[in-house]
Amino acid sequence: MTRTVGIDDLGVYTPAHRLDLDVLARVRGVPPEKITVGLGVRQMSVTPPWEDTVTLGANAAQRLLAHGTVAREDVGMLLVATETAVDHAKPVGIFLHELLGLPSSCRTVELKHACYGGTAGLMLATEWVRSGAARGRTALVVATDIARYGPGSSAEFTQGAGAVALAIREAPRFLAIDPASGVYARNVYDFWRPLDRREALVDGKFSVYCYLDALDAALDDWARAAALPGPLFSLCDAFLYHTPFPKMAYKAHARLIAHEWRRAGRADATLAEAIEHSYAAAVDPWLAAARLVGNTYTASLYFCLASLAEQTGEQLPGRSVGLFSYGSGCCAEYFTGRFAPEAALVAGRLGLAEMLAARCPLSVEEYERCSRPPGEAVPAAGDVPAIRFLGVEGDKRRYAAAEAQP
Ligand code: HMG
């Protein structure tokens, strides 16, 4: 018998600082509407010097563990997905393993494939549990990233920072993941970051093309794997996309609807109207966090999932969702899931909207100071995350957890 496996609980985290992008646009001499309307993004989270990829991920996981739904001693696998790692050999996950007080009998690995890494982790963890190898234990998947591009570049407006931690187990209380999924991989140079560079390089327009091309191919593969009873838009109540900027999710949804109409043999006469209607009801509301946090690479799709959960609340149980994950380079996956009867309870603990509203606005000068290599400042009182970066001593990174941490 196939086990029902999926996301049992989740924790989200983004730094306590934000930059309003209309302010940045004015300073850079760009029309603000190009950013707020053309890209659809309004703010981005900015990482202060006392935070890094490790602390973002650890704080997201710490928030999940604070719910009391996952016992630390039951975690048998920790997969940390990131494309902004802190060391070429030592994985981000091993810092989290210590900071979170996880058991020594816990497989701990860092995963990389650009923004797709978080979904790679989710799928590997789901299959580990489904196979029976987990023996009742939980897998923790943490997607954590800081999106950085060169100052003054057009991509500067698509930065951001944040992390999402997912607990994966049998009989999940949040979202059951369906076994069928569609995958696509192809070597392309749309976005990359050579080992000696802090900021990503990108062929922006080509990356949009690669993303949409990968969506078409992943949908074809998914339709074969799922032996579909009907087109996707009649099967899913909501659609979530990897969202480097919200307009990308609009372009993706337009492509998905057109793809599914073609597959269903429908005539194109009312396609444009159908796209607008479907986007407004089934995609746009779940972009609320992406508009305010920016691109969080591996975590981006899961910020949309958190937004959907928080806003849908009591209406979640039984609803189905389609998810598209894209990682430059590239690898992509389309999959679906269904919310569990207890999903509203899980959503009620997230605290995402509250966290976003509490962020402190920065000036462009303060944001530029934060963009320097980390470790040059200490947090002001009241500004200290539960787990923070202390700096580098003798080539070794140091972190501190607040007193309450076991
Ligand atoms: P750009 O050159 O700044 O912008 O690059 P543009 O000229 O393409 O304009 C953007 C939109 O604004 C256009 O809308 C314009 O018409 C509109 P569209 O035609 O696309 O619908 N516009 C205006 N709207 C209102 N008022 C105005 C105005 N002016 C223009 N005055 C680009 C944009 C996304 C290429 C750039 O920001 C970039 O390179 N970003 C980084 C790459 C990226 O995010 N790619 C997305 C796909 S790849 C991906 O998602 C993977 C990734 O997350 C990495 C990973 O996998 O790890 C990036």
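In what follows, every heavy atom counts, from backbone to side chain, and hydrogens, waters and symmetry copies are set aside. It should be emphasised that the depicted structure is a prediction, and the values quoted were computed from it without experimental measurement. We count ligands from 1, going down the list as the structure has it; atoms in each ligand are counted the same way.
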Mode of Tyr149 contact toward ligand 1 - side chain, backbone, both, neither (heavy atoms, under 4.0 Å): side chain
Interfacing atoms of ligand 1 (cut-off 4.0 Å, heavy-atom, Phe245): 34 (C), 44 (O), 46 (C)
Ring centres under 6.0 angstrom apart (Tyr116, Tyr184): no
Main-chain N/O of Ser320 paired to Asp237 side chain as donor or acceptor, under 3.5 Å: yes
Shortest reach to atom 6 (P) of ligand 1 by a heavy atom, considering only Glu83, Lys112, His242, Lys205: Lys205
Check: Phe339 ring centre within less than 6.0 Å of Phe174 ring centre: yes
Taking atom 3 (O) of ligand 1 as the reference point, the nearest protein heavy atom with its distance: Lys34 NZ, 2.9 Å
Under-4.0 Å heavy-atom contact with ligand 1, by part of Pro244 that carries it: side chain
Partner of Thr53 by side-chain contact (heavy atoms from CB on, under 4.5 Å), out of Thr82, Thr47, Thr298: Thr82
Protein contact to atom 41 (C) of ligand 1 [nearest heavy atom, distance to 0.1 Å]: Thr158 OG1, 3.5 Å
Residue Lys247 vicinity, atoms of ligand 1 by number, heavy atom under 4.0 Å: 14 (O), 18 (P), 21 (O)
Whether Arg173 side chain and Asp9 backbone form a donor-acceptor pair below 3.5 Å: no
